Amino acid sequence: MNQTLAFVLARLALAMSMLGHGLVRIPKLNGFSAWMLGKFKDSMLPEVLVLPFSYALPVAELLVGVLLLIGWMTRQALVAGAVVMILLIFGSSMIEDWGAIPSQLIHAAYCCILLVFADTHNAYAVDKRLH
């Protein structure tokens, strides 16, 4: 019982982080995109890659957050969350934003740890109701 409760609380904590990132960025999506383009203007990443990513990132964060919040497609949401973090780690490395990487690594590790226990402890979830 404690493992199940711990999993749900950890899933909800990650959900709130991802959901919060997406929610605050979506209303100011153009400004967020312009900010990100500015951060990467001197990097080796071309604008043709940064621009679509800057628009997709908040949507991905929001979607992962919502899926984790309700516990639907939990495995896929955790994998997607880890992939988002891996891409952010790469981007942070390209602009030498070393201070951002620890948080991104923690989020990625969090996704991976939850993934290990998702099959056995993912209660209080839409996934559980559907199966």
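Just so you know, these numbers use all the heavy atoms, side chains as well, and skip hydrogens, waters and symmetry mates. From a predicted model like this one, the values you see are computed outputs, not experimental measurements.
Sorted by first then second residue, the ring pair (Phe, Tyr, Trp, His ring centres under 6.0 Å) pairs that include residues 59-100, not counting sequence neighbours, number zero.
You'll find the side chain of Ile101 stays beyond 4.5 Å of the side chain of Asp97, heavy atoms only. Proximity of Met16 to Leu69: side-chain heavy atoms (C-beta onward) are separated by under 4.5 Å at one or more points. Taking the side chain as every heavy atom from C-beta outward, Phe7 and Arg11 approach each other to under 4.5 Å.
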(Q) One pair to check against side-chain contact (heavy atoms from CB on, under 4.5 Å): Leu78 and Leu14. What are the steps and the verdict? (A) CA-CA 9 Å; Leu78 290 169; Leu14 182 60; 3.9 Å; yes
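Atom CZ of Arg75 is separated from atom CG of Leu67 by 14.0 Å, given to the nearest 0.5 angstrom. Going from atom CD1 of Ile89 over to atom OG of Ser103 covers 9.5 Å, rounded to the nearest 0.5 Å. A distance of 10.5 Å separates CD1 of Ile106 from CD of Gln104, quoted to the nearest 0.5 Å. To the nearest 0.5 angstrom, Thr74 atom OG1 is 4.0 Å from Asn122 atom CG.
The minimum heavy-atom distance linking His107 with Ser17 is given by the pair NE2-OG, 2.7 Å. Of all heavy-atom pairs between Leu57 and Arg25, the closest is CD2-NH1, 3.9 Å. Across every non-hydrogen atom of Thr4 and His121, the tightest pair is OG1-ND1, 3.5 Å.
Cluster membership for Leu5 and Val126, using ILVMFWY side-chain heavy atoms within less than 4.5 angstrom, is not shared. Ile70 and Tyr124 are assigned to two separate hydrophobic clusters, defined by single-linkage of ILVMFWY side chains at heavy-atom distances under 4.5 Å. The same ILVMFWY cluster, assembled from side-chain heavy atoms under 4.5 Å apart, contains both Val64 and Leu115. Hydrophobic clustering (side-chain heavy atoms under 4.5 Å, transitive across Ile, Leu, Val, Met, Phe, Trp, Tyr) keeps Ile26 apart from Leu63. A continuous path of Ile, Leu, Val, Met, Phe, Trp and Tyr side chains, each step under 4.5 Å between heavy atoms, connects Trp35 with Phe53, placing both in one hydrophobic cluster.
Under the side-chain contact (heavy atoms from CB on, under 4.5 Å) criterion, Ala13 pairs with Tyr110, sequence neighbours left out.
Remark: the backbone N or O of Leu88 is paired with a side-chain donor or acceptor of Ser92 at under 3.5 angstrom. Although no hydrogens or angles enter the test, the distance criterion places a donor-acceptor pair under 3.5 Å between the side chain of Ser54 and the main chain of Leu51.
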Return a table of donor-acceptor pairs under 3.5 angstrom between the side chains of residues 38-48 and protein atoms on other chains or two or more places apart.
unit_1, atom_1, unit_2, atom_2, d
Ser43, OG, Phe40, O, 2.9
Ser43, OG, Leu45, N, 3.2

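Within a 6.0 Å sphere centred on CZ of Phe32, other residues, nucleotides and ligands contribute more than 12 heavy atoms.
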